[in-house]
Amino acid sequence: MAKVVCVLYDDPVDGYPVSYPRDGVPHLECYPDGQSLPTPSAIDFTPGTLLGSVSGELGLRPYLEGLGHEFVVTSDKDDENSEFDRHLTDAEVVISQPFWPAYLTAERIAAAPKLKLAVTAGIGSDHVDLNAAIAAGITVAEVTYCNSVSVAEHVVMMILSQVRNYLPSYKWVIDGGWNVADCVQRSYDLEGMQVGTLGAGRIGVAVLRRLAPFDVHLHYTDKHRLPAEVEAELNLTYHPTAQEMVPHLDVVTINAPLHRETRRLFDDELISTMKRGAHLINTARALICDRDAVVRALQSGQLAGYAGDVWYPQPAPSAHPWRTMPHHGMTPHISGSSLSAQARYAAGTREILECYFAGRPIRDEYIIVSGGALAGVGAHSYTAGD
Ligand code: NDP
């Protein structure tokens, strides 16, 4: 029987919830491109409950223990001799999440001789050393599309809250003030602005679609051009590179994976070519931006604001400069972990485990690494040797 080790974020400080604001989450027929939602044989949880924290256990315990497997769930992943490290030595399956990543480094993979499957309960497997996984013959899978629209909604929220100066205005209310001038001295309409995305995949296109009704001018850059009918429908301006796109934009949103081409792409040099007072929104991966270049640009006014939910490392230390830099709208990594998204990635994780334990192929759209090579969706999104 297998040992399955699952690393999840901690429960709420007031304890695991006993009730929720709503009685459920809407039922979706399929994802926007027609891909089917996860298809496990059954689920042992109520959609809309907190599944992503330690006590939620992704709703997997009855299923895994019913098959006789050992199931360990912990949030303890970073300290020396963490619970994760202790169980890794004889784990066959590791489940982790981008929100609270159990960094599966080459050293940890070397210390896990029985490891066969690493599942990302979410999207984005850059917390796994994919080269080491390839060398060790480990399968890496993620739940593609489970939270793409969740992130797109968060991006739109952050763009509006930044451009309209929502968070400082809210703070004046909490502080008992009625300081209209203080609030509006940095507040603009989004209407008429030039808004563009780095990356026009599942999230990027969902962001563009949601922004189109705001009567903005939409731009994108991507390695592959979108179909002409999509460009026409959304009135998109295509730019071959980020360098060519960003000087035109009032708002830049980053929706590309972290890999060799995007790592530290937004450095002092690229940010200096942006319009003074542009907003930068990054819900993709923190390392796509140079941490200190972002701080400098906010301090100088080159950027009017920076918002996002991705940090490095995660959890971010209390002294991380993005917690205190001016004009930011950061959240912890939450955009892809709404209760709605949790139901999908918990079900998708179960689908992957059912396939693995039954010896059936895992769907191609979930596969990142398989058979000693990048495969499935991973062969498209990642580059071997990164
Ligand atoms: P997709 O693979 O659907 O889209 C990513 C797009 O980025 C693709 O169209 C890809 O191009 C493009 N791209 C890759 N490299 C470059 C580059 N150098 N320049 C321009 N475009 C590039 O992924 P998703 O939209 O689902 O997710 C995007 C990223 O968002 C994920 O990799 C993940 O890191 C992050 N994410 C964050 C979440 C959160 O909770 N904050 C949750 C989910 C994802 P092409 O495919 O044409 O080669």
Side-chain angles (χ1 to χ4, degrees), residues 1-10 52-54 57-58 60-61 64-65 67-143 257-260 263 285-287 311-317 333 345 349-350 352-353 355-357 359 362 366-376 378 381-386:
M1 290 296 114
K3 178 186 264 195
V4 179
V5 181
C6 181
V7 181
L8 300 174
Y9 46 77
D10 287 313
S53 73
V54 169
E57 301 185 320
L58 298 177
L60 292 171
R61 188 169 294 282
L64 285 170
E65 291 189 345
L67 291 177
H69 300 306
E70 182 183 354
F71 186 43
V72 177
V73 183
T74 181
S75 64
D76 179 21
K77 67 182 182 76
D78 288 327
D79 294 339
E80 211 173 309
N81 198 29
S82 67
E83 198 175 348
F84 175 51
D85 282 303
R86 289 201 302 278
H87 285 288
L88 201 51
T89 52
D90 58 347
E92 182 172 327
V93 178
V94 165
I95 303 167
S96 180
Q97 308 173 293
F99 323 106
W100 185 264
Y103 295 105
L104 212 43
T105 58
E107 295 72 35
R108 278 178 159 162
I109 287 175
K114 293 188 172 170
L115 188 60
K116 299 272 189 321
L117 175 67
V119 183
T120 300
I123 301 174
S125 296
D126 46 90
H127 60 283
V128 179
D129 185 322
L130 297 181
N131 291 318
I134 287 169
I138 294 166
T139 297
V140 181
E142 63 186 43
V143 190
L258 173 65
H259 62 137
R260 188 167 41 207
R263 186 175 292 264
R285 286 294 179 263
L287 293 179
W311 307 67
Y312 188 81
Q314 289 186 181
H333 195 161
Y345 65 67
T349 301
R350 168 130 176 205
I352 291 167
L353 293 174
C355 291
Y356 173 75
F357 286 121
I362 297 166
Y366 290 171
I367 290 289
I368 304 298
V369 169
S370 179
L374 290 170
S381 303
Y382 294 92
T383 317
D386 268 1

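Model, not experiment: these values are computed from the prediction.
- Within the structure, every pair that satisfies the salt bridge (charged side-chain N to carboxylate O under 4.0 Å, His left out) test and touches residues 97-125, not counting sequence neighbours, is listed here: D85-R108.
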* To do: List the steps, then state whether side chain to side chain contact (heavy atoms under 4.5 Å, CB included) holds for T120 with V143.
  => CA-CA 7 Å; T120 300; V143 190; over 6 Å; no

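- To the nearest 0.5 Å, the span separating CZ on R263 from CG on L287 amounts to 5.5 Å.
- For the side-chain contact (heavy atoms from CB on, under 4.5 Å) test, no residue two or more places apart in sequence or in another chain qualifies with P113.
- With sequence neighbours excluded, the residues that form a side-chain contact (heavy atoms from CB on, under 4.5 Å) with I134 are N131, V369, L374.
- Of the possible donor and acceptor atoms, one in the side chain of K77 sits under 3.5 Å from a partner among the backbone N and O of P101.
- Closest of all the heavy-atom pairs between W311 and A316 is CE3-CB, 3.5 Å.
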* To do: Decide side chain to side chain contact (heavy atoms under 4.5 Å, CB included) for V4 and I95; before the verdict, give the C-alpha distance in whole Å, the side-chain angles of both, and the deciding distance to 0.1 Å.
  => CA-CA 8 Å; V4 179; I95 303 167; 3.8 Å; yes

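- For A135, the side-chain contact (heavy atoms from CB on, under 4.5 Å) criterion is met by no residue, not counting sequence neighbours.
- Here E57 pairs with R61 under the salt bridge (Lys or Arg N to Asp or Glu O under 4.0 Å) rule; sequence neighbours left out.
- Between the SG atom of C6 and the CG atom of L58 there is a distance of 4.5 Å, given to the nearest 0.5 Å.
- Applying the side-chain contact (heavy atoms from CB on, under 4.5 Å) criterion to S370, with sequence neighbours excluded, gives T139, I367, A375.
- A 4.5 Å side-chain heavy-atom check between S53 and L8 finds every atom pair outside the cut-off.
- Checked against side chain to side chain donor-acceptor pair (under 3.5 Å), Y356 has the following partners two or more places apart in sequence or in another chain: E92.
- The closest side-chain heavy-atom distance from Y103 to Q314 is below 4.5 Å.
- Within the structure, salt bridge (charged side-chain N to carboxylate O under 4.0 Å, His left out) pairs that include any residue of residues 130-141 do not occur (at least two apart or interchain).
- Sequence neighbours left out, the pairs with a member in residues 67-90 that pass ring-ring contact (aromatic ring centres under 6.0 Å, His included) are H69-F357.
- Counting heavy atoms from C-beta outward, V54 and Y9 have side chains that stay 4.5 Å or more apart.
- Partners of D90 under the side chain to side chain donor-acceptor pair (under 3.5 Å) rule, at least two apart in sequence or in another chain, are K3.
- Here the side chain of S96 pairs a donor or acceptor atom with the backbone of A102 at under 3.5 angstrom.
- Taking CG of D129 as the reference point, atom OG1 of T105 lies at 7.5 Å (rounded to 0.5 Å).
- P98 approaches G124 most closely through the heavy-atom pair CG-O, 3.8 Å.
- Counting heavy atoms from C-beta outward, I109 and L104 have side chains that approach closer than 4.5 Å.
- Taken to the nearest 0.5 Å, the NE2 atom of H259 stands 12.5 Å off from the CZ atom of R285.
- Evaluation of the ring pair (Phe, Tyr, Trp, His ring centres under 6.0 Å) rule for W100 yields no partner, not counting sequence neighbours.
- Here the OG1-CD distance, from T349 to E142, works out to 10.5 Å after rounding to the nearest 0.5 Å.
- Listed by chain and residue number, S75 satisfy the side chain to side chain donor-acceptor pair (under 3.5 Å) test with D10 (two or more places apart in sequence, or in another chain).
- Using a 4.5 Å heavy-atom threshold, the side chains of L353 and L60 count as touching.
- In this structure, the separation between CD on E80 and CG on D78 is 12.0 Å, given to the nearest 0.5 Å.
- Side-chain N or O atoms of D76 include one that pairs as donor or acceptor with a backbone N or O of E83 at under 3.5 Å.
- Proximity of L117 to I138: side-chain heavy atoms (C-beta onward) are nowhere separated by under 4.5 Å.
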